[in-house]
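Beneath this line is the structure, given in structure tokens, with notes to follow.
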There are 2 protein chains.
Amino acid sequence: MLIISMLVNSKPAFEFTLENLVRDNNEMPGHLARRFQQIAVAVFLAEVEAAGFDLTPVQYAALAAIKMNPGIDQVTLAGLIAYDRTTITGVVDRLVQKGLLVRHASPRDRRARELQITEAGKRTLRAITPAVEAAQRLMLRGLTEKEGAELMRLLRKAIAAGNELSRAPLRAAELR
Amino acid sequence: MLIISMLVNSKPAFEFTLENLVRDNNEMPGHLARRFQQIAVAVFLAEVEAAGFDLTPVQYAALAAIKMNPGIDQVTLAGLIAYDRTTITGVVDRLVQKGLLVRHASPRDRRARELQITEAGKRTLRAITPAVEAAQRLMLRGLTEKEGAELMRLLRKAIAAGNELSRAPLRAAELR
DNA sequence: ACGTATTGATCAGCATGCTGATTATCAGTA
DNA sequence: TACTGATAATCAGCATGCTGATCAATACGT
């Protein structure tokens, strides 16, 4: 913010008052995280829409996870892709609405709902995959291949260390 | 999930069934972006609440930007911190509600609202800064100092390349 | 000066993502 | 068996974050 005026009139007479102790956004990992995520979502939606589909990143992740784990219940699904459990309800609702999933009571536990992907869901997933892959490449387009790999490594490492700090930590699926 | 085994042992004896075409989340920069952002927000809120305040990351960023740029209008503010312009309305509403900002019509352009931080806003910003700094460190706690710096560099680079891809790109403030 | 295009702010509507509560069900124990 | 605690799903409520529309005001070209 002040940095900008610094750049504009490049005055070295820069007063380090209390105001200036607020670090520039570019030095805040939290801000960078928000911006990168913002761009990632925009790129994902643009690519998917260009391919003729209407799926959000979250819906895609849920659909893919359910395809990989037929009959999974919602809590396990949430842990698998690190969502909040209350968010899952709405996401699954919308996927069911679109006919990509079916949800029915578990015979083993009447509290739980088992999730199954439909044929339409499988077709959608299959058809959408190239767009999703393109989006993943596009959001790293400013980086070399090496840098992209390093960014992912560092993100994975930071995430692993902070996993338990959010309400929706990643939880490996247990066989039931 | 299965691509990983490919990368790890780079065995060509890998069946490319349809299921396997869905890459593992950990190989998806979009997923990693969401997880890191999720943790960053949780850490921010926890630190700020522990310090006795009730401010979201977005509210903090807006407040800090307004303090740095008194009298800024909402569109310029949005560009400065890369928000969507429609999101700003609600954020500013809540900051005004809390008494941390005042919003009044600009004499130069009656469409625009000039934003000013209040004394209470300044006090809040001053008091909250240690918690914000702590949060920024905490979200990188799994990384060495060098790795943290590299992560930020790579994020900045990727963001710069993707800046125009979101609806809310960063826009340097112009002097008016 | 006039008509048109643009711009600042807001709104309706929708989808995450969270906190905290509730309901139904299950599991373990006295 | 009856009680107690835990668990799966959902809900209300709130804050981002987006699309697309509207309204008032400004800027611009002729």
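Residue numbers start from 1 in every chain, and the chains themselves are labelled A, B, ... in the order their sequence lines are given, proteins ahead of strands. All figures in this text were calculated on a predicted structure; none of them were measured in a lab.
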Side chain to side chain, A:Leu151 and A:Phe36, heavy atoms closer than 4.5 Å: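 Touching, per the 4.5 Å side-chain cut-off.
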
To the side chain of [X], which of [options] is closest?
X: B:Gln38; options: C:dG17, D:dA8, D:dT10; result: C:dG17
X: A:Arg110; options: C:dC18, C:dC26, C:dT7; result: C:dC26
X: B:Asp84; options: D:dA21, C:dG8, D:dG17; result: D:dG17
X: B:Gln59; options: C:dC18, D:dT16, C:dG8; result: D:dT16
X: A:Thr86; options: D:dT10, D:dA8, C:dC11; result: D:dT10

Sugar-phosphate only, base, or nothing, as touched by B:Thr56 at under 4.0 Å among non-hydrogen atoms: sugar-phosphate

Mind calculating the distance between [atom1] ([X]) and [atom2] ([N]) to the nearest angstrom?
X: A:Leu115; N: D:dA8; atom1: CG; atom2: C1'; answer: 12 Å
X: B:Ile88; N: C:dG8; atom1: CD1; atom2: C1'; answer: 12 Å
X: B:Arg85; N: D:dT22; atom1: CZ; atom2: P; answer: 14 Å
X: A:Arg108; N: C:dA24; atom1: CZ; atom2: P; answer: 23 Å
X: B:Asp73; N: D:dT26; atom1: CG; atom2: P; answer: 13 Å
X: A:Asp54; N: D:dC18; atom1: CG; atom2: C1'; answer: 13 Å
X: A:Glu49; N: D:dG20; atom1: CD; atom2: C1'; answer: 13 Å
X: B:Asp109; N: D:dC28; atom1: CG; atom2: P; answer: 12 Å

Those residues of residues 89-104 of chain B lying under 4.0 Å from DNA chain D by at least one heavy atom: B:Val91, B:Arg94

B:Lys157: partners by side-chain contact (heavy atoms from CB on, under 4.5 Å), with sequence neighbours left out: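 Expected list: A:Leu143, A:Glu147, B:Arg153.
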
Taking atom types as modelled, is there a side-chain donor on [X] or [Y] under 3.5 Å from an acceptor on the other?
X: A:Ser106; Y: A:Asp109; result: no
X: B:Arg35; Y: A:Asn163; result: yes
X: B:Arg103; Y: B:Gln116; result: no

Stepwise side chain to side chain contact (heavy atoms under 4.5 Å, CB included) test for B:Tyr60 and A:Met28: CA-CA 12 Å; B:Tyr60 169 80; A:Met28 305 273 244; 3.7 Å; yes

Nearest-nucleotide comparison on DNA chain D, the residue closer to the 5′ end among B:Pro107 and A:Arg34: A:Arg34

So does [X] get a side-chain nitrogen or oxygen closer than 4.0 Å to the phosphate oxygens (OP1/OP2) of [N]?
X: A:Gln74; N: D:dT10; value: yes
X: A:Arg113; N: D:dT10; value: yes
X: B:Gln37; N: C:dG17; value: no

Residue whose closest nucleotide on DNA chain C lies nearer the 5' end, B:Arg111 versus A:Thr87: B:Arg111

Where at least one partner belongs to residues 45-58 of chain B, residue pairs that pass salt bridge (Lys or Arg N to Asp or Glu O under 4.0 Å), sequence neighbours excluded: B:Asp54-B:Lys98

Test log, rule side chain to side chain contact (heavy atoms under 4.5 Å, CB included), inputs A:Gln37 and A:Val41: CA-CA 6 Å; A:Gln37 151 78 354; A:Val41 171; 3.6 Å; yes

